[in-house]
Undergrad: 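Below is the structure I would like to discuss, written out as structure tokens.
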Protein chains: 2
Amino acid sequence: MAANRRPTLADVAREVGVSAKTVSRVLNEDGPASARTREQVLAAVARLGFQPNLMARNIRVGGPDTTVGLVIPDLGNPFFGAVARGIEDTVGVRGLTLLMGSSADDPDRERALTDKFLARRISILMVVPSVGASHAHLKSHRDAGLPVVFLDRPGAGLTADSVVSTNRTGAHDGVAHLVAHGHRRIAFVGDLPTRLYTRRERLAGYREALREAGLPDDPALITNAHDQHGASAATARLLERADPPTALFAGNNIAALGIVTELARSRRKDVAVVAFDDVPLAEALEPALTVVAQNPEEIGRAAAATALARLDGDRSRARTVTVPTRLISRGSGEQRLAARHGA
Amino acid sequence: MAANRRPTLADVAREVGVSAKTVSRVLNEDGPASARTREQVLAAVARLGFQPNLMARNIRVGGPDTTVGLVIPDLGNPFFGAVARGIEDTVGVRGLTLLMGSSADDPDRERALTDKFLARRISILMVVPSVGASHAHLKSHRDAGLPVVFLDRPGAGLTADSVVSTNRTGAHDGVAHLVAHGHRRIAFVGDLPTRLYTRRERLAGYREALREAGLPDDPALITNAHDQHGASAATARLLERADPPTALFAGNNIAALGIVTELARSRRKDVAVVAFDDVPLAEALEPALTVVAQNPEEIGRAAAATALARLDGDRSRARTVTVPTRLISRGSGEQRLAARHGA
DNA sequence: ATGAAAGCGCTAACAT
DNA sequence: ATGTTAGCGCTTTCAT
């Protein structure tokens, strides 16, 4: 009940009547120990509730901890959960444990988290860079042998390995799908802030597809939304225009949720939609949602594989792994123009 | 480029020509330091890329680390992401950082993770208990003053604070909603393993509602599914029966995804559905999905508040906080029996 | 098979 | 304003 001091190795040793080193030997299965001593030590450990102080151990041993540190921007977005799962599956077989924390896409919090990880001497650092964050301070660590990998977006101020989706060609393919089905006014509903790497790339892909089709790039059709509600509002505004779009391209999964929700609310089935990144229940919608699916598990696995190779001594130049997206046509991209309200 | 030894406080001190303690003072803004010394130290720190070894610091200072450790069973389930967000929001204002890892619902991995957290002397431990895990080993830590909170499910072998949803009454209310709309054959599609606390409670609520309505408890209508695909398959099997249910109750969000996907695939709009736990796009479905919504952020916030109170010296008896669920009627629970295929 | 002493990187306590 | 000594809890090295 009282807040007692945690027992130490010495406490256990005293209890049994042996030296600290002997207890250490038993616990780490280092050196020999008589069966009797081992038993007594184990019993005392259990009795006192002794828990070795990993910090004290690591400070002496010197080597890095067996932890992989991951910084993600949003705990609620299942995309990053899937990435984390991919990482865990891959590093787990090497006995490494994944620990993660959220930056909330704030550079200061990202910095605080990475510093915390670094001070703990983690084995691998993985970061989904926040908008506006610099990573120059990681240079010395990487040079000292710490594998650093950027996920989903490239880092800034540091040349390091990174793993990203084919954002530009994926967006291009999604928009081209809409073009192929006769749409000429296609809106882009994307993230804030506009400096976000993935948004830039996807917007570039969108514009490429329009250009290839000889379609004008109407700035009025490019909107920003920082969350699901914002995407719904943006969708409503677009459709209220005198010259509304006939198709919508969602720049990310959250925007997709907002668009789909708003279309359902206003009972508009005549608007075509293609979304970047898959969402749960996409196939249960009417029409089912056509998406440019990312492969988050693979992004995680690729990042982990790269980092493990570095840990094994790979000193080659920093590389960028690109994980392909895949257009999954489920129907919503093929809504006929003829079906439009009042048209 | 080479894997050099990381610089230490002593290295910085030597570089500047002062004592280690002086560098320590500058870095921790402890005691005084002349402007000139401070500058030189800071410059050397930057030049050498010195990063204080938090472990060495903590071992000396003795106090707990400023970390909250959280163990969740599934990185991909957005429910736990939302819980984590609630925790982070609350502990963040106290300067604590949330770090989390996944047990994959495996007791051994849960134990390994908690041991890792404990060995790091975290300030607060939060666990979503895995099925079959025992938590007796946490007793000495809790007695030594470490706040331990179980989330979503109670722990085993240790009386500690816990925060759970009103699983039983929530399930009862969801099923009662179906009963009120005339359904007499209502199936339960739930988790494996059947020992899972939330499943047991929700199943009990389901049975209570049936009993109150004077309906028989047909074991053939209670199915198990361990993932979305399994829930789809279970749904298909139920509907192929000679005496199929007219309504389905989903025991969790994953089961809900499976049910809804299968109903969409087979174009069955005549089956009523109520799900425990909300899912994205629930309102965009046709019919929109009626759910017994949990409040994961609130679960996280309540857990964090409880733990912080313990940290502040609250030594009262362990308590269980119950976070209410809320029936959100969107339509799918009101599907008319009369609309059934071939009926 | 076991122990004693030194030291990992850092800071508390006491100098100066 | 700065330095010295001791020591956190553990492991290494070298004895025994």
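Because the structure is predicted, anything quoted here is derived from the model rather than measured. Order of the sequence lines sets the chain letters (A, B, ...), proteins ahead of strands, with each chain counted from 1.
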Undergrad: For the helix from C/dA1-D/dT16 to C/dT16-D/dA1, what angle lies between the axis at the first five pairs and the axis at the last five pairs, to 10 degrees?
TA: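 About 30° separates the two local helix axes.
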Undergrad: Measuring to OP1 and OP2 of D/dT2, would you say a side-chain N or O of B/T22 lies under 4.0 angstrom away?
TA: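 B/T22 to D/dT2 OP1/OP2: no side-chain N or O under 4.0 Å.
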Undergrad: Residues in salt bridge (charged side-chain N to carboxylate O under 4.0 Å, His left out) with A/R121, at least two apart?
TA: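 Residues passing salt bridge (charged side-chain N to carboxylate O under 4.0 Å, His left out) with A/R121: none at all.
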Undergrad: Could you note down all residue pairs passing salt bridge (Lys or Arg N to Asp or Glu O under 4.0 Å) where residues 126-137 of chain B supplies at least one of them, sequence neighbours left out?
TA: none
Undergrad: Under the side chain to side chain contact (heavy atoms under 4.5 Å, CB included) rule, collect the residues that match up with B/A82, sequence neighbours excluded.
TA: B/P296, B/E297
Undergrad: In whole Å, I'd like the distance from the CG atom of B/N58 to the C1' atom of C/dA12.
TA: 15 Å
Undergrad: Mind checking what makes side chain to side chain donor-acceptor pair (under 3.5 Å) contact with A/Q40, not counting sequence neighbours?
TA: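 Per chain and number, A/Q40 pairs via side chain to side chain donor-acceptor pair (under 3.5 Å) with no residue.
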Undergrad: Can B/E39 and B/R36 be counted as an ion pair, charged N to O under 4.0 angstrom?
TA: no
Undergrad: Using the side chain to side chain contact (heavy atoms under 4.5 Å, CB included) criterion, which residues pair with B/I124? Sequence neighbours excluded.
TA: B/V68, B/L96, B/M126, B/P147, B/A307, B/L308, B/L311
Undergrad: Whole angstroms only, please: what is the CD-C1' distance between B/E29 and C/dT11?
TA: 16 Å
Undergrad: Quick one: list whatever passes side chain to side chain donor-acceptor pair (under 3.5 Å) with A/K21, sequence neighbours left out.
TA: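 Counting only residues at least two positions away or on another chain, A/K21 forms no side chain to side chain donor-acceptor pair (under 3.5 Å).
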Undergrad: B/R109: what forms a side chain to side chain contact (heavy atoms under 4.5 Å, CB included) with it, not counting sequence neighbours?
TA: A/E88, B/A104, B/D106
Undergrad: If the condition is salt bridge (charged side-chain N to carboxylate O under 4.0 Å, His left out), which residues does A/D11 pass it with, not counting sequence neighbours?
TA: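 Testing A/D11 for salt bridge (charged side-chain N to carboxylate O under 4.0 Å, His left out), a comparison that skips the adjacent residues, returns A/R5, A/R14.
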Undergrad: Any pair with a residue in residues 42-58 of chain A that passes side-chain hydrogen bond (donor to acceptor under 3.5 Å, both in side chains), sequence neighbours left out, goes on the list, sorted by first then second residue, please.
TA: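 Every side-chain hydrogen bond (donor to acceptor under 3.5 Å, both in side chains) pair that includes a residue of residues 42-58 of chain A, provided the two are not neighbours, is A/E15-A/R47, A/Q51-B/D115.
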Undergrad: For every nucleotide of nucleotides 8-16 of chain D, 5' to 3': is a protein heavy atom under 4.0 Å from its base (B), only from its sugar-phosphate (S), or from neither (-)?
TA: BBBBB----
Undergrad: For DNA chain C, determine which residues of residues 35-48 of chain B have any heavy atom closer than 4.0 angstrom to one of its atoms, and list them numerically.
TA: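 Those residues: none at all.
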